[in-house]
There are 2 protein chains.
Amino acid sequence: MSDAQRDKGRRVTVKDLARDLGMSVSTVSRAFYPDAVVASETRRLVLERAAALGYRPNPFAQSLITKKTQIVGMVVADLTNPFYPEVMTEMTAMLQEAGMNVMLAAANQPEKIDDAVDLLLTYQPDLVIVLAANMASHAREKCERAGAPCIFFNRLSADGLGFGVTCDNEAGGRLAADHLIDNGHKHLAYVSAFPGASTNVERHRGFCTQAVERGFAPPAVIEAGRFSYEAGYAAGLEAASAGRPLDGVFCANDIVAIGFIAGVQESGRFRVPDDISVVGFDDITMAGWPTHLLTTVAQPLDGMMAATVSLARELAVDRRQDPHILRLPPGRLIERNTTRRRDGGIA
Amino acid sequence: MSDAQRDKGRRVTVKDLARDLGMSVSTVSRAFYPDAVVASETRRLVLERAAALGYRPNPFAQSLITKKTQIVGMVVADLTNPFYPEVMTEMTAMLQEAGMNVMLAAANQPEKIDDAVDLLLTYQPDLVIVLAANMASHAREKCERAGAPCIFFNRLSADGLGFGVTCDNEAGGRLAADHLIDNGHKHLAYVSAFPGASTNVERHRGFCTQAVERGFAPPAVIEAGRFSYEAGYAAGLEAASAGRPLDGVFCANDIVAIGFIAGVQESGRFRVPDDISVVGFDDITMAGWPTHLLTTVAQPLDGMMAATVSLARELAVDRRQDPHILRLPPGRLIERNTTRRRDGGIA
DNA sequence: CTGAAAGCGCTTACAG
DNA sequence: CTGAAAGCGCTTACAG
């Protein structure tokens with residue numbers, strides 16, 4: 001029985017492995033780095049024995065020297081949108097398959113997100129991925145000062161800085177406008193969520209632009225104010241009571257749309273889709289449930305996650321890369337039961 | 001300008017701080033440990049200067065010596081239940097407030113959860129919290145061998161080992177039975193989710209026991225098989241078509257109940273609550289939405305999370321504690337719109 | 001009460 | 001190609 005195995009509670013270290021193999025720790029260590037110069041037979045021996053003993057290098061000791069931690073910080077807040085939990089777990093799984101670990105920074109109150117990020121930075125993540133959070137600019141700067149570039153996923157940084165992975169929300173907004181217009185809708189409106197969110201602004205702009213280009217007046221704007229069911233619901237109730245003519249609505253995202261529809265139905269004055277068609281954005285799982293069957297513009301989610309993970313791998317190796325924004329084409333508009341053709345539709 | 005400040009990119013270290021203060025690193029280090037013996041004036045000076053320079057001890061260097069990492073591993077999988085994202089982020093926020101950081105282990109396929117846990121263990125978490133995952137026993141053993149006790153949240157470990165924080169699901173099942181029986185329901189059924197889940201088993205048992213004690217036959221069991229909307233939906237469709245008499249249904253949890261109701265409605269043969277009353281379990285946010293207004297047994301979520309965090313703090317200090325299970329009383333039954341009184345009700 | 005020294009588990013110049 | 005040595009940033013006996 002080897003020394004390493006005898007000592008039960010303790011992890012196997014390079015020293016154990018070196019003694020076991022009758023080599024120096026330097027040689028053993030080098031065997032784990034493909035670029036390091038070691039006799040190939042030596043390397044084979046080391047790796048074989050390491051696997052047998054269950055040796056795993058201690059990442060803390062490693063990072064003390066290499067200044068890399070293989071840790072990805074993930075900042076989340078404001079999880080009223082079911083879009084993000086899906087992304088969070090799926091992307092964590094992908095990052096773990098790439099050998100990186102995810103450390104979470106979460107806050108139950110927006111103003112505490114800064115403390116959470118501070119604590120996270122203590123562990124020197126190689127980079128930080130920001131989901132959903134309205135992270136203040138100084139938080140991003142703090143990350144970068146600590147050597148961790150930030151990738152904003154879906155929603156971009158308010159100041160436009162940092163890395164970003166998103167879809168072409170403007171093109172998505174255009175798809176929604178085309179769908180409603182092609183199906184004969186005349187009275188369009190946009191249900192706006194958080195005004196400070198790039199996603200909200202861009203979807204609105206695309207929807208508007210396309211409507212105008214196709215000869216319509218700029219669509220009315222209904223302010224929901226936040227990306228949540230409750231906000232959508234209130235907006236739906238209010239819009240139904242306002243008495244303004246309305247037959248085609250594009251909502252900032254799915255959860256707002258689902259709330260909006262409930263609000264409209266609740267009003268008892270109009271029905272979806274009989275009187276009003278509603279289009280969402282994201283295609284979250286819930287949108288496909290028989291309960292909702294929401295017509296929506298899909299996000300190119302797999303592509304966005306793949307792009308984020310691949311960018312993360314690059315940044316983990318070399319932080320010095322110019323920040324840029326990756327914008328993927330939106331997914332298709334998925335027609336379900338919350339929109340229908342009106343008289344005069346051309347589609 | 002101090003040495004530390006001049007050197008922009010680099011973090012302030014104890015050495016910097018010691019030089020700045022004209023003390024030894026030992027003394028500086030001790031100042032951060034309340035139990036260490038240092039002149040109180042010296043400690044004051046150190047802490048003051050540390051705050052000014054933004055010094056934060058490097059947790060990797062610390063953990064190399066102390067063998068504590070202040071890292072909590074959180075294992076998640078199978079996130080079809082919206083209950084868990086809420087818990088995950090809220091509990092992360094609470095743990096961060098207690099100075100601990102959360103590292104995630106996620107897998108998009110159940111069989112990969114083991115690799116994810118292995119990678120996680122590399123970072124030597126002080127303990128592991130298991131959410132939702134059907135973590136195999138050997139994974140728990142692996143954690144414990146690596147020095148990280150496991151806390152199972154909500155759903156207990158299949159082998160009953162490890163720490164656990166859950167609510168008294170059996171009492172919750174009884175509440176559901178009482179509510180339905182008090183309101184005159186005669187034909188009860190339980191919609192069963194994952195048969196291997198302690199929550200499923202216990203809720204079923206409580207519901208059954210209480211019905212029998214009150215003079216009813218053991219309620220029928222409708223197998224949904226999983227804790228998901230889709231599973232509930234299929235069960236609802238099937239139950240509505242089966243033609244068996246049915247007027248009061250208790251579902252394994254909210255998301256199953258929401259799916260079940262949609263399935264029943266879809267069948268067109270019965271309506272909720274006019275023909276069939278449905279009770280869920282959890283009181284997730286969605287249950288309170290006007291779309292659903294689900295009658296449900298609430299989880300004592302705040303209590304469960306507080307208990308978990310406090311147990312985590314204890315275990316982070318001393319791992320040697322006998323594993324035990326904390327079982328909190330269930331929350332109230334919240335009556336909403338998916339149940340109604342039938343003739344003969346006594347309530 | 002404080003400081004010099006050893007050491008946690010690694011990596012990486014530097015010799016040989 | 002390999003090994004001895006230094007060092008990453010800390011903590012903690014051990015002297016004094």
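Lettering follows sequence order; numbering is per chain, from 1.
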Any side-chain donor-acceptor pair under 3.5 Å between A:Ser24 and A:Thr27? yes
Distance in angstrom units between A:Leu17 CG and D:dT2 P, rounded: 14 Å
Whole angstroms only, please: what is the CG-P distance between B:Asn58 and D:dG9? 7 Å
Which residue pairs satisfy the side-chain hydrogen bond (donor to acceptor under 3.5 Å, both in side chains) criterion with at least one member in residues 93-108 of chain B, sequence neighbours excluded? A:Glu90-B:Asn108, A:Lys112-B:Glu97, B:Gln96-B:Asn101
Each nucleotide in nucleotides 11-16 of chain C should get exactly one letter: B, S or -. Can you fill that in based on protein heavy atoms under 4.0 Å? BBB---
Pairs under 3.5 angstrom only: tabulate donor-acceptor contacts from the side chains of residues 310-317 of chain A to other protein residues two or more places apart or in another chain.
residue, atom, partner, partner atom, Å
A:Glu314, OE1, A:Gln321, NE2, 3.2

Check against side-chain contact (heavy atoms from CB on, under 4.5 Å), A:His138 and A:Asp114: CA-CA 9 Å; A:His138 66 93; A:Asp114 268 41; 2.5 Å; yes
Applying ring-ring contact (aromatic ring centres under 6.0 Å, His included), which residue pairs with at least one partner in residues 16-51 of chain B are found, sequence neighbours left out? B:Phe32-B:Tyr55
Measure the distance from CD on A:Glu41 to P on D:dT2 and round it to the nearest whole Å. 10 Å
When you check the gap from the basic side-chain N to the acidic O, do A:Arg140 and A:Asp159 get nearer than 4.0 Å? yes
Ignoring backbone atoms, test whether B:Lys15 places a side-chain nitrogen or oxygen under 4.0 Å from the OP1 or OP2 oxygen of D:dG7. no
Could you spell out the base pairing of DNA chain D in dot-bracket, with Watson-Crick or G-U pairs whose two distances are under 3.5 Å, [ ] crossing and | to another strand? |||.||||||||.|||
Does A:Thr42 reach a base, just sugar-phosphate, or nothing at all? Heavy atoms under 4.0 Å. sugar-phosphate
Strictly below 4.0 Å: does B:Lys67 bring a side-chain N or O up to OP1 or OP2 of C:dG7? no
Taking CG from B:Leu45 and P from C:dC1, how many angstroms apart are they, rounded to a whole number? 15 Å
What's the shortest heavy-atom distance between B:Arg155 and B:Thr199, and which atoms? CA-CG2, 4.1 Å
In whole angstroms, the gap separating P of C:dG7 from CG of B:Leu64 amounts to 14 Å
Name all residues meeting the ring pair (Phe, Tyr, Trp, His ring centres under 6.0 Å) criterion together with B:Phe163; count only those two or more places apart in sequence or in a different chain, and write none if there are none. B:His324
Nearest-Å distance for atom pair CZ/C1', residues A:Arg56 and C:dC10: 16 Å
CD of A:Gln70 versus P of C:dC10: gap in Å, rounded? 15 Å
Nearest whole angstrom, please: distance from the C1' of D:dC8 to the CD of A:Gln124. 11 Å
Going by atom types alone, do A:Ser26 and A:Ser29 pair a side-chain donor with an acceptor below 3.5 Å? no
